[in-house]
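Chain A is the first sequence line, chain B the second, and so forth, proteins listed ahead of strands; every chain is numbered from 1.
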Amino acid sequence: MRRTVLLTIALAASTAIALTSCASGGGGGSSDSASPHPGTVVWARPAAIDGWEGDKCISSSGPTNAVVFDSLLRIQTPDGSGLVPGLASEWSYDESTYTYDLTIRDDAAFSNGDPVTADDVIFSFDEWKAGPISGILYASVASVTAVSDKEVQVVMAQPDTFLPNLLAWCNSNVYPADFAGMSRDDYFANPIGAGPYVVSDWSDPGGTTESISLVPNEHFWGWEGETPAVTELTIETIVDPSQRALQFQSGDIDILEQVDQATVAQIGEDHAVPTLPSINIGIVANTLAGPASDPVVREAISKAIDRDSIAGALGGGTEAATGILPINVPGTAEPTEPYTFDLDAAKDLMASSGSPDGLSMRYMYDPSNADSDTTAQILVTQLAEIGIDLELEPTDTATMNGRLADGDFDLARSGAGAISPTIFDPIGLILATSYVYSGVDATVMTDNFVTGTSTTDDAVVEQAVVAIQDDALKQNGYIGVIDLATNWAAQSYITGFVPIQYMVYYTDKLGFAE
Amino acid sequence: MTGPILAVSGLSLRSGPDRTVVSDVSFEVAAGESLGLVGESGSGKSLTLRAILGVLPVGITRTGGSIVTPARVAMIFQEPLSAMSPSMRAGELVAEAVRASNRRMPLAAARRRALELLGEVGIADPERVRTRYPHQLSGGLRQRVMIAAALATDPEVLLCDEPTTALDVTIQAQIMDLLDRLRTERGMAMVFVSHDLAVVAALCQRIAVMKEGRIVESGPTAEIVAHPTAPYSIELVRSARAKAGAIRDAAAETPSEDWLVVDDLTVRFPGARRRDTVTAVDAVSFRVPRGGSVGIVGESGSGKSTIARAMVGLVRPGSGGILLDGRPYRATSRGEARRIQMVFQDPMSSLNPRRRIRSVLTEVLRAHGARSAAELETRVIELMDMVRLPHDLLDRFPRSLSGGQRQRVSIARALAVEPDVVILDESIAALDVSVQAQVLALLNDLKQSLGLTLLFISHDLGAVRALCDEVVVMSRGRIVERGMVDEVLRNPSHPYTRLLIESEPELPAVSGV
Amino acid sequence: MRVARFLGIRLLQAIPLLIATSALSFLLLRLAPGDPAKILAGPRASEEVVAKLRTSMGLDEPIPVQYWKYLQRVFAGDLGKNLNGNADVADIISRGVGVTGLLAVVAIIITILVAIPVALAAARRPGGPLDNSIRVASVASIAVPGFWIGLMLIAFVALPTKWFPVGGWPDDSSRQFNAILLPAITLAIGIIPVLTRSLRSAFIDVLGAEYVTAARSLGIPGGRLIRRFVLRNAAVPAIPVLAFLIGFVVGGSVVIESTFNLPGLGQTLVQAALTRDANVLQALTLVLGTSVVAIYVIADVAVSLTDPRVSLT
């Protein structure tokens, strides 16, 4: 009787496998020779998009809005050193009147066939300003008027050099006027944009396995009358990093976002597509309370960190930081005296500090990222050399933000990267985040930020930036450690994939190798 | 009805490398004939049956001998509740048995046959019984169902392993009649195992007496009963007669006034709904003089045990009460608890298996005030002497003692606190007949020497006759007859009492013993 | 009818329990560090923006008020939207329930199908070589973490053979069973030992019981004996264990769902907790709480149906 039961089980199991594997069909061949699903590109993200509203896009949807909406201005590829035309074919700035003139491209058109007009741009500006989260970014826009059908004039409330960068951000989606007659909710469930693709299916919106299918927008200006090579673009959310890597290996995914070194090791170096290192990662210190409030200690910590060794350990194009600002961003400049690694000087400083016998400090970081984890481990050994016992506190992001805001920390991982080609973008971020958390005196940074953003004179800009750097290295409220490069990955049969350091890439040039 | 249909020859079984449990057992049974196997617990009679059937328990192996049986052999067991799957209806069980011997029979036909069999074993309402689960049936009905299942295989040999030991005496009589009828109707060979000689003698044509794995004597029933030759057989017969015609010592002095009074006692057990309430004891009153002994007789469900429990505080009476020495007695108050003590039916489960005997006794003594180690030890030895147990048993665990020894320990435990009244709730029912006689003798002596007042609850009239002066007969919560024991048992007035007396199996009277 | 009455009583008892659970989880969420408004606004948002957002989300009202408003919405049938507002919680939940439900059902079926014969084999010769090797294998499968087993299965079965997908949940329902098989097997490997253990004890008891001997003596053949006499009686003590395991599977699916990228309740739960998404978390608490209560009620009914000695009241 036992035998019959075992036999039945074996039979059932093999039948199950046989039947279901016949049904599974697709996914065959090695992942590299040719695409297993020619014509389609599958792009995997670690989290769902925030929706199609420009107002919410900062957290997660940076790269995706451009797929549907394009933007008035684009960032230059591959080095991200400036701005190039997008939906706008030209723009100019009049310093005396703080006014921008934008000309809309002739062949810019929405997916419903309507051309992009000045009215659409004016409507969009109103939308952007009204947004509860990102509206404040457009606060200095005083008025937007139509000069002609294809020309718009934007008057600023004060001298400004920032707007063109802002127009390349994902917040600045160009919407058809009145949402083309749809209600707001309906529109954002099924947006009509002037970008290369249109949403054809959106399953599990906001969920852990969100999947967005897009087909080409026939009226997109960039196709120039030809059929695009990629007839379907799928954006998928896969939360688990091992799953992402495994699906990449099996050929189910073509492009991976935010690839850390562990994943690169798994999928193979040759699939990694690095960008220029342009995210400054460092340590924010609590200068108001706790063991890090002693400025001598902070300086000692800065000198005790061997930045080259950390950069080497992380790999993937990461470099040692010279200051607090990211490199490879237009307008960046090094401090007068960049960071040095001087263990002896660090020890002397510690000896002369208020805690010559050593200290215990907590270091808070998000462990879900392999790079973050590795950095934390290395810091423990490096700081131990000068008598600092670093206690690691791996914490989830939400809690971390709460504790940073409450000042309940000693040291924490922090950083700033640019999402547009101007150094004042990350400077603004630092002002809003690290400098607030650490409690340092922000006067110098704020003053120079204002100076730098109201001038077009490069010399003045450089001076302001250097001043910011020097001040930062004196206070050490935020200590830069490395300049991280974001890594992407793509199958070798994908062509035209050029991600830039601002966490965006443009999809209209994607294609397949022959 | 010629040659034997069942022949066992030189059967030997062992349970370990050097523990022989059955040794060189031989007997033969012809079709339509019944053989009784008598002996104490542990004499190997049950194992012999299982060997015949081929269902020896794990650990027992056959070391010799041969068994010749026909193909169709069936067995009925001692405890039908354990022998029936708790999740299977009675009718289904019998139907399964039917299909076991008729593999191709369709289910519906098997069920019809099951119904027939249930009728054949004397069940009055087979339709109703068919749908019942084992726990919903009375002991007698359960045994009938098991017999029906056994008959389903149309056996030529029926092995009966103490099938009536767990039943009330009236039910026992009915089942014995049933088995006898079936034997003659179907011409089955029957082997009937029991420790009760009276039962076997009433039912079987031939008897084999077993002791310690061997057959010490065998022959026609009348012979064995009238003229036993082996020493053990003689002892067996004597015990059986002793119980039947026991003479107890008369009460030493004129009984004093009412020492223990049960006054209008009523005990109700509430059910889920109003109408499910069971009145176990219904306005019962009787008196026990000091030093006297009263037996309460009745069947399961008559309420006799419930009265005992009410006395020691295990259940609360709905109304009425107990008076001891003129004052109301409440078992829960501190000093009073010791005055009425109880000895239970199953000595195995009423003694803590993890405690040595000494600890059992000292625990009780301590609970009632004894202090020093020396005091405890003296008292403990006294108690062991009182119940005639060797002192070395004090260091043993209950499982190393025999049933009779355990029951004596229970009696010692009850006596430890010097109670006024001792209640014996079916205290000898679980013992072998020979052992029962010994314990009854002990109780008689104690009654004399200590002046104990005894309340003896039993379904066994013979035991009551051996121990008690008066008897109270209960049926369904009410007293139906009462009086001096000899009177009532000689001239019962209530029909129920008569039924009880008639059902009692007795050895055929023989002159000269 | 008794069953219906029993179910009615238990249902009534469940309601205050579920409300208390929901209130407790709401309280814990609000007390946890981490501000949903800040998360939604992103790292670059200024304090005023976050403050305004907080007000618009109703987060600066006292907690009991927030909870009361939430309750009102729920009783009106509105479970709300997720944190960034582009999906209905009801949709997220119903999708998750389907996936997690299928995963749990398949895992439990596999578990039962394997545990019964294994336990039976072990129980026939307790202490024998088969019993001992089963015991060793059991310890191993409980000790090895589920995600490792899952990853190994993906790497060594799915990837090279392509009989199963590496992960994900296909929209096409004909392929969904195939996608759930490896995750279900992974889950089952973790719980089979537990069920086997309790079934083994139950079988040992039952196989040694007198009614089995009696049935054998009546000539009832082996297969029928096992089916009609042994299984049903052994099931009784195993049913509560199984109920517990089902509860565990529903909750423990988190790891497996992440490993295989299934859009089940487990993954949704983790993401919602990390982003402090109150609406989703509350809805999930209700769903999971209800399922656990339901499972135990069903287990009680099952025991009473299997063992006629047990009554429901």
Side-chain angles (χ1 to χ4, degrees), chain A residues 1-2 4-6 9 12 16-17 19-21 23-25 27-28 47-53 56 58-59 132-136 188-189 203-209 211 236 238-240 242-244 246-247 249-250 252 396-403 405-406 408 428-429 432-433 436, chain C residues 32-36 38-46 48-49 52-53 56 82-87 92 95-96 113-114 116-117 120-121 151 154-155 158-159 161-169 171 174-175 177-179 181 222-223 226 258-263 267-268 271 274-276:
Chain A
M1 185 259 149
R2 182 164 98 236
T4 32
V5 174
L6 286 174
I9 292 178
I17 293 179
L19 284 177
T20 55
S21 64
S24 74
I49 67 171
D50 296 313
W52 298 109
E53 278 187 64
K56 298 177 178 165
I58 289 288
S59 296
I133 298 174
S134 308
I136 197 170
F188 284 115
S203 73
D204 196 15
T208 51
T209 54
S211 178
E236 282 202 10
I238 301 178
V239 172
D240 185 62
S242 334
Q243 254 297 313
R244 288 201 295 275
L246 284 166
Q247 291 208 20
Q249 282 180 292
S250 78
D252 296 327
D396 72 283
T397 319
T399 311
M400 206 160 128
N401 289 337
R403 285 181 57 183
D406 291 340
D408 175 21
L429 182 60
T433 55
V436 173
Chain C
D35 181 2
K38 190 108 204 283
I39 296 172
L40 189 60
R44 289 162 191 268
S46 67
E48 306 121 42
V49 170
K52 252 199 262 163
L53 208 52
S56 77
N82 65 352
L83 195 64
N84 45 22
N86 52 9
I92 297 178
R95 189 195 175 92
L113 285 180
V114 172
I116 292 181
L120 201 51
L151 282 176
I154 298 178
L159 210 48
T161 64
K162 303 242 182 276
W163 287 343
F164 305 98
V166 163
W169 183 247
D171 282 324
S174 67
R175 309 221 325 255
F177 181 74
N178 173 261
L181 212 49
I226 299 282
S258 289
T259 312
F260 288 88
N261 194 38
L262 298 169
Q267 258 209 107
T268 313
Q271 291 306 310
L274 284 177
T275 54
R276 312 289 192 271

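Options C/A87, C/A179, C/P263 differ in how many heavy-atom pairs under 4.5 Å they form with chain A, and the most are formed by C/P263. Most heavy-atom pairs under 4.5 Å with chain A: of the set C/N261, C/L151, C/I92, C/V49, this distinction falls to C/N261. When each of A/D396, A/V436, A/L429 is scored by its heavy-atom pairs under 4.5 Å with chain C, the top score falls to A/L429.
For C/T268, the parts lying under 4.5 angstrom from a heavy atom of chain A are both the backbone and the side chain. The contact between C/L274 and chain A is made by backbone and side chain atoms together, counting heavy-atom distances below 4.5 Å. Both the backbone and the side chain of A/T399 come within less than 4.5 Å of a heavy atom of chain C. For a residue to count as touching a neighbouring chain, one of its non-hydrogen atoms must lie under 4.5 Å from one of that chain's; by this rule C/Q267 touches chain A with backbone and side chain alike. Contacts of A/I136 with chain C are made by side-chain atoms alone, with heavy-atom separations under 4.5 Å and no backbone atom involved.
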Open item on the list: Between C/L262 and A/T209, is the side-chain contact (heavy atoms from CB on, under 4.5 Å) condition met? List the steps.
Closed with: CA-CA 7 Å; C/L262 298 169; A/T209 54; over 6 Å; no
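A distance of 10.0 Å separates OG in A/S250 from CD1 in C/I154, rounded to the nearest 0.5 Å. Between atom CH2 of residue C/W169 and atom OG of residue A/S211 there is a gap of 14.5 Å, rounded to the nearest 0.5 Å.
Although no hydrogens or angles enter the test, the distance criterion places a donor-acceptor pair under 3.5 Å between the side chain of A/Q243 and the main chain of C/V166.
Counting all heavy atoms, side chain and backbone alike, A/P205 lies closest to C/N82 at O-ND2, 4.3 Å. Taking all atoms of both residues into account, the shortest heavy-atom contact from C/S258 to A/D240 is O-CB, 3.0 Å. Residue A/S203 comes nearest to C/R95 through the heavy atom pair CB-NH1, 4.4 Å, listed as atom of the first residue, atom of the second, then distance.
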